[in-house]
Amino acid sequence: MEVTTMSEAMQLHAQALKSGAQPHHQNYSKLFTFCALSPSGDLNYARLILNCLSSPNSYYWNTMIRAYCETSNPNHSISLFLAMHMNQNPGITPKPDKFTYPFVVKVCGRLRDTQLGKQAHCLICKLGFGSDRYICNSLIHMYAKFNDLGCASKVFDKMPERDVVTWTSMIDGLVDNGRAIEAIKLFKEMIESGVEPNDATIVSILRACAETGALEVGRRTHRIVEEQGLSSRTNVGTALIDMYSKCGCIDSARKVFDEVFDKDVCSWTAMIHGLASHGMSREAISSFEEMKNSGVMPDERTMTAVLAACRNAGWVTEAYLYFRDMREKYGIKPNLQHHGCMVDLHARSGKLQEAENFIRKMLIQPDAVLWRTVIWACKIHGDTNRAERLIKEINIDFDDCGSYVLLSNIYASAGKWHDKAICRETMNKHGLVKPPGSSKIEIDGSVHEFTAGDSSHIEAPTIFAKLEEICKSLRGEGYEPELSEVLLEVDDDEKAFQLLHHSEKLAVAFGLMKTKPGSPIRIVKNLRSCEDCHSFMKLISKAYEREIVVRDRIRFHHFRNGDCSCGDYW
Ligand code: ZN
Ligand code: ZN
């Protein structure tokens, strides 16, 4: 008899009790497993069964540990494990076995308890389970959760036998810890070693491609998806949509989207978000309407994408309507990102007072990022007084480097050198360093990363020479370096030198060297583009007849024939 409801489980239990069935009787384990693990089971009832059995074997204990691991209080798993480990009731409580440890390790990861996790690992080695594949897989996963990739790779390297879960755990850990380039390398190794990826591996690797702009690897992964018949999985489809749109190929994203059979809120949101970040606001909004018509309700992230679409198009009225609908129609409480879109919408169009008012009337506490949106707009619209007043008033934290860099920029562009110097001094006093800019470019399936002034690349001398050559020819087209972008107190030659070696310029020079004439160049940058790099890219797109696609922290810039799709506002 198959158990599908709690009342069936209880009936079976009653029968078992009446007939005096022993714990190892299959009916017992069947009803116990149902109560403990099924979504329609009852964990407390399972615990009751466990407590009432005279000598339950390790299967019952392990299942109980596994079940508690998924609850909001995974600590119960640890107490059960300790009871087993310390052999509290000799002869009654079973000893932990190799099936116990994967769950224990998983709980340590969930609790983010590094101390406990390391103790568990020690114990595992002492007991001779150190090379058990299932246990090692959970250890890799646990160390990745602790952001300790050193220990994760030690476990990975020592494993005599690796399966798809092993590789996926390691790849996923790398992606989660911002090491997408290594994740891509490991994925290649995995394929070469003959292990077939599953949908979890595919989703991880597509995330890595999206993050680094590795379109070539993304396309190859898409082919694997088709070969292995994983296309019908909605999560894979969503990851493909996200990868293509983040790599700048919105048409391919659309094509995948149209083929996703069972579209859920995640796939719709990925599509709407992609369209919005490419400045295709009209298409984004009509997709949103289509989504609602198909009966899928939006979530928080969908609404962020919808508001971003309105923001990019400057649609104030529509944005207010959607903002209101969030609470009233969909029961979604606007978060900081939603508010940020609204503030940015006002700020962009130069309505700085409205933007300020909007923040002051918010029902949740605004953060530094929101205020910085207004202050950034003050810089663009030349309202230095408001910027200064706001910065003094909001009393930015000393660890908020972004705001200081911004203020310093504002003083520089208003020619207030003395104030700028004070600002720099404050930054130095508190040890604030502007995070280094970094740009990534994929050439033949490998991602190359450049930081500003980076000479670590093997081809650095050639890249620098190429940059000099580009700069010379662009100066002929009227390029004038925007020296005010350099915040350091150095002479103009040094400023021009530093500007020329910004990370995205190194990446674009490398791209021009390594790709065929006429083919597009795609770059992913971690920060907002500076003004100098922005005009540099515009000029290159014209002089070298190349389409250049730059994704910065905020949005996409498609440079074509001397113009940018952002309309010079970013
Ligand atoms: Zn720059
Ligand atoms: Zn642009």
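Source: prediction; values computed, not measured. In each ligand, atom 1 is the first atom listed, and ligand 1 is the first ligand listed.
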*asked:* I need the single residue from L215, L206, I250 that forms a side chain to side chain contact (heavy atoms under 4.5 Å, CB included) with Y244. Which is it?
replied: L215
_Please confirm whether the ring centroid of W268 lies under 6.0 Å from the ring centroid of F288._
no
*For the Zn ion (ligand 1), what is the closest N, O or S atom on H502?*
ND1
*Of all the atoms in H534, is at least one N, O or S atom closer to the Zn ion (ligand 1) than 2.8 Å?*
no
_Tell me whether the Zn ion (ligand 2) has C564 as a neighbour, meaning an N, O or S atom of it below 2.8 Å._
yes
*Under 4.0 Å between a Lys/Arg side-chain N and an Asp/Glu carboxylate O for D344 and R311?*
yes
*Looking at side-chain heavy atoms only, is the closest gap between H222 and S252 below 4.5 Å?*
no
*Among the N, O or S atoms that H557 has, which is closest to the Zn ion (ligand 2)?*
ND1
